[in-house]
Engineer: 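Okay, here's the structure, questions in a sec.
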Amino acid sequence: QVQLVESGGGSVQAGGSLTLSCAASALTSGIKCMGWFRQAPGKEREGVASINSGAGNSFYADSVKGRFTISQDNANTTVMYLQMNNLKPEDTAMYYCAAGPFYCVGRSVLSSAIFGNWGQGTQVTVSS
């Protein structure tokens, strides 16, 4: 079972920036796609961004395009980041790191169904 640990959450004012990190360990050779999801109180979990491991192609939800950037460490593709700029109050949520054994393609790029491993989450709070 892949283990995922997120870090980097916190509280910022609107317009500010945060960088989330996710470190994967155990059985990481099977990871094909990694992603970030978020869940706000009373709302369903939604896909934010995903990246095919080692391939570099990435995908974003429309709500974060141009503001968020997903990346992996060049030397260690089991470490993933989410650079979040120009944060808005509606970005407030618990953010989860996810990893899965299938490449993200087509309609699955932001689907939670293809990710079998999840972190515990890190809270991001954006105040107006």
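Excluded from the calculations below are hydrogen atoms, water molecules and symmetry mates; all remaining heavy atoms, backbone and side chain alike, are included.
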Engineer: Side chains of I51 and N57: closer than 4.5 Å at any heavy-atom pair?
Structural biologist: no
Engineer: Taking a hydrophobic cluster as the set of Ile, Leu, Val, Met, Phe, Trp and Tyr residues connected by side-chain heavy atoms closer than 4.5 Å, whether directly or through intermediates, do I70 and I114 fall within one such cluster?
Structural biologist: no
Engineer: Out of the candidates K32, M80, Q72, only one should pair with S53 under the side chain to side chain contact (heavy atoms under 4.5 Å, CB included) rule; please name it.
Structural biologist: Q72
Engineer: How many angstroms lie between OH in Y95 and CD in E6, if you round to the nearest 0.5 Å?
Structural biologist: 12.5 Å
Engineer: If you compare all heavy atoms of S127 against all heavy atoms of P89, which two are closest, and at what distance to 0.1 Å?
Structural biologist: C-CG, 4.5 Å
Engineer: Same cluster or not: L82 versus V12, using hydrophobic residues (I, L, V, M, F, W, Y) connected whenever any side-chain heavy atoms lie under 4.5 Å apart?
Structural biologist: yes
Engineer: Can you pull out every side-chain hydrogen bond (donor to acceptor under 3.5 Å, both in side chains) where at least one residue sits in residues 16-25? Sequence neighbours excluded, please.
Structural biologist: S17-N85, T19-Q83
Engineer: Below 4.5 Å, heavy atoms only, C-beta onward: do K65 and F59 meet side chain to side chain?
Structural biologist: no
Engineer: For the backbone of M94 and the side chain of R38, can you confirm whether one donor and one acceptor N or O come within less than 3.5 Å of each other?
Structural biologist: no
Engineer: Locate the shortest heavy-atom distance separating G47 from A61; write the atom from each residue and the value.
Structural biologist: O-CB, 3.4 Å
Engineer: With a 4.5 Å cut-off on side-chain heavy atoms, are Q123 and T92 touching?
Structural biologist: yes
Engineer: Apply the test side-chain contact (heavy atoms from CB on, under 4.5 Å) to residues N117 and Q1: give CA-CA distance (whole Å), side-chain angles for both, the deciding distance (0.1 Å), then the verdict.
Structural biologist: CA-CA 7 Å; N117 301 280; Q1 184 83 359; 3.2 Å; yes
Engineer: Decide yes or no on side-chain contact (heavy atoms from CB on, under 4.5 Å) for Y81 and T69, but give the supporting numbers first.
Structural biologist: CA-CA 8 Å; Y81 306 100; T69 303; over 6 Å; no
Engineer: Can you list the steps and then say if Y60 with V48 is a side-chain contact (heavy atoms from CB on, under 4.5 Å)?
Structural biologist: CA-CA 6 Å; Y60 297 91; V48 175; over 6 Å; no
Engineer: Report, as yes or no, whether the 6.0 Å neighbourhood of atom CZ on F102 holds more than 12 heavy atoms from other residues, nucleotides or ligands.
Structural biologist: no
Engineer: Quick one: does L20's side chain get under 4.5 Å of M84's, heavy atoms only?
Structural biologist: yes
Engineer: Where the side chain of S50 meets the backbone of L110, is there a donor-acceptor pair that is under 3.5 Å apart?
Structural biologist: no
Engineer: Before you tell me yes or no, could you show the steps for K88 and D91 under salt bridge (charged side-chain N to carboxylate O under 4.0 Å, His left out), namely the whole-Å CA-CA distance, both residues' side-chain angles and the distance that decides it to 0.1 Å?
Structural biologist: CA-CA 5 Å; K88 303 176 181 181; D91 294 318; over 6 Å; no
Engineer: Can you tell if the side chain of F68 reaches within under 4.5 Å of the side chain of L87, non-hydrogen atoms only?
Structural biologist: yes
Engineer: What pairs with F115 under ring-ring contact (aromatic ring centres under 6.0 Å, His included), at least two apart in sequence or on another chain?
Structural biologist: F37
Engineer: Given C97 and W36, is the side-chain contact (heavy atoms from CB on, under 4.5 Å) satisfied, shown in steps?
Structural biologist: CA-CA 5 Å; C97 170; W36 289 98; 4.0 Å; yes
Engineer: Under 3.5 Å, is there a donor-acceptor pair between the side chain of N52 and the main chain of C104?
Structural biologist: yes
Engineer: Quick one: does T122's side chain have a donor or acceptor within less than 3.5 Å of a partner on S7's backbone?
Structural biologist: no
